[in-house]
Amino acid sequence: MLNIVLFGPPGAGKGTHSEKLVETYNLVHFSTGDILRSEIAAKTELGLLAKSVMDKGELVSDDIVIGMMRNKIKKHKDSKGLIFDGFPRTTVQAEALDRLLKDNGISITAMLLLDVEKQELIKRLQKRANNSGRSDDADINIINNRIEVYNKQTLPIIDYYKKQNKFKSIKGIGTIDTIFGRIQSVINTL
Ligand code: AMP
């Protein structure tokens, strides 16, 4: 199985490259952000709870997102592989993900960081706001907060995967095809 954590700050291109990985390697894509937005659209209790947090660019609680992943992993444990996009976002989530995978007899193959500098992220997110309809992309203060939350709460996960020799950094600047070529080169070494 090819089980990838696609990692990086907001606007790094995780969603775009997840789609290409799904097409190329026939993987199953889990985006906690997408799942949460569909809960909001369906006006579920979980959606209502998550919305106020997401609107500020803060993180939804670990328990909620870990709980969301439990059944999904179990359901797809016999697939060609899994892509985790936007999850884990804290070390607690990374540890929980390893436990959930282990319970199903599987494990993470590699964590791929899409490395993009802050000014480029801001440019991309503001451009994306025109099409995505995402309120958290439309407000510069929320964008800045999401990047700060990433730097403080999410970046430390890199160490977690480095210790397991699973961390790979990929330059996330260039055309989509160039960047995807870099991703494929790394995957070929796994
Ligand atoms: P994303 O679509 O990955 O940019 O996520 C949008 C928002 O959903 C984030 O700013 C968080 O508020 C929330 N979110 C998504 N994934 C997670 C996660 N793994 N842990 C906590 N909050 C999350």
Side-chain angles (χ1 to χ4, degrees), residues 3-22 27-73 76 82-101 108 111-118 120-161 172:
N3 298 323
I4 301 285
V5 172
L6 196 55
F7 192 78
K14 300 187 294 295
T16 304
H17 291 290
S18 290
E19 276 177 30
K20 292 180 77 72
L21 285 166
V22 168
L27 308 179
V28 179
H29 177 208
F30 300 125
S31 156
T32 38
D34 285 350
I35 299 168
L36 289 165
R37 279 184 290 277
S38 67
E39 296 281 341
I40 292 174
K43 297 194 162 58
T44 64
E45 203 178 317
L46 169 60
L48 284 176
L49 208 76
K51 187 175 182 333
S52 58
V53 179
M54 290 167 74
D55 281 348
K56 285 184 264 175
E58 301 287 334
L59 294 185
V60 174
S61 82
D62 288 333
D63 285 351
I64 288 182
V65 288
I66 293 165
M68 281 175 3
M69 298 310 286
R70 189 167 284 116
N71 286 335
K72 296 198 184 287
I73 290 171
H76 294 282
L82 311 172
I83 307 172
F84 296 94
D85 158 9
F87 176 85
R89 260 179 158 97
T90 63
T91 304
V92 170
Q93 291 179 22
E95 288 164 353
L97 175 59
D98 273 354
R99 277 198 304 275
L100 291 178
L101 293 171
I108 290 296
M111 186 253 229
L112 312 183
L113 164 70
L114 292 173
D115 193 15
V116 179
E117 54 164 42
K118 186 174 175 185
E120 174 69 15
L121 297 173
I122 292 174
K123 224 165 65 187
R124 289 185 191 177
L125 290 169
Q126 288 183 318
K127 197 168 157 205
R128 183 171 81 178
N130 296 326
N131 313 317
S132 70
R134 281 180 58 168
S135 54
D136 60 347
D137 286 341
D139 182 325
I140 185 66
N141 294 319
I142 299 172
I143 289 178
N144 277 324
N145 192 38
R146 283 157 69 204
I147 295 173
E148 198 171 314
V149 165
Y150 171 81
N151 287 333
K152 281 207 185 118
Q153 299 185 54
T154 305
L155 258 186
I157 303 181
I158 287 178
D159 278 339
Y160 181 81
Y161 287 100

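Counting convention: from 1, in listed order, for ligands and their atoms alike. What's counted below: heavy atoms across the whole structure, side chains too, no hydrogens, waters or symmetry copies.
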Distance in Å, Arg128 CZ paired with Asp137 CG, rounded so as to fall on 0.5 Å steps: 4.0 Å
Does [X] reach the main-chain N or O of [Y] with its side chain, forming a donor-acceptor pair under 3.5 Å?
| X | Y | answer |
| --- | --- | --- |
| Lys14 | Pro9 | yes |
| Asn3 | Leu82 | yes |
| Asn145 | Lys56 | yes |

Quick check on contacts: which atoms of ligand 1 are under 4.0 angstrom from a heavy atom of Arg134? 1 (P), 2 (O), 4 (O), 6 (C)
Can you list the ligand 1 atoms lying under 4.0 Å from a non-hydrogen atom of Val65? 18 (C), 20 (N)
Quick one, Met111 with Phe84, criterion side chain to side chain contact (heavy atoms under 4.5 Å, CB included). Give me CA distance, side-chain angles, the key distance, then yes/no. CA-CA 9 Å; Met111 186 253 229; Phe84 296 94; over 6 Å; no
Steps toward side chain to side chain contact (heavy atoms under 4.5 Å, CB included) verdict (Leu113, Ile158): CA-CA 9 Å; Leu113 164 70; Ile158 287 178; 4.2 Å; yes
Looking only at distance, does Gly86 have an N or O less than 3.5 Å from an N or O of ligand 1? yes
Does any N or O of ligand 1 fall below 3.5 Å from an N or O anywhere on Glu58, backbone included? yes
Protein heavy-atom partner closest to [atom] - residue, atom, separation in Å:
| atom | value |
| --- | --- |
| atom 14 (N) of ligand 1 | Leu36 CD1, 3.6 Å |
| atom 20 (N) of ligand 1 | Gln93 NE2, 3.0 Å |
| atom 5 (O) of ligand 1 | Arg89 NH2, 3.5 Å |
| atom 8 (O) of ligand 1 | Met54 CE, 3.3 Å |
| atom 22 (N) of ligand 1 | Val60 N, 3.1 Å |

Would you say that more than 12 heavy atoms from the other residues, nucleotides or ligands in this model lie under 6.0 Å from the CD of Glu120, or not? yes
Ring centers of Phe87, Phe7 separated by less than 6.0 Å: no
Return yes when Arg37 approaches ligand 1 closer than 4.0 angstrom through a heavy atom, no otherwise. yes
If we set the cut-off at 4.0 Å for heavy atoms, which region of Leu59 has an atom near ligand 1: side chain, backbone, both, or neither? both
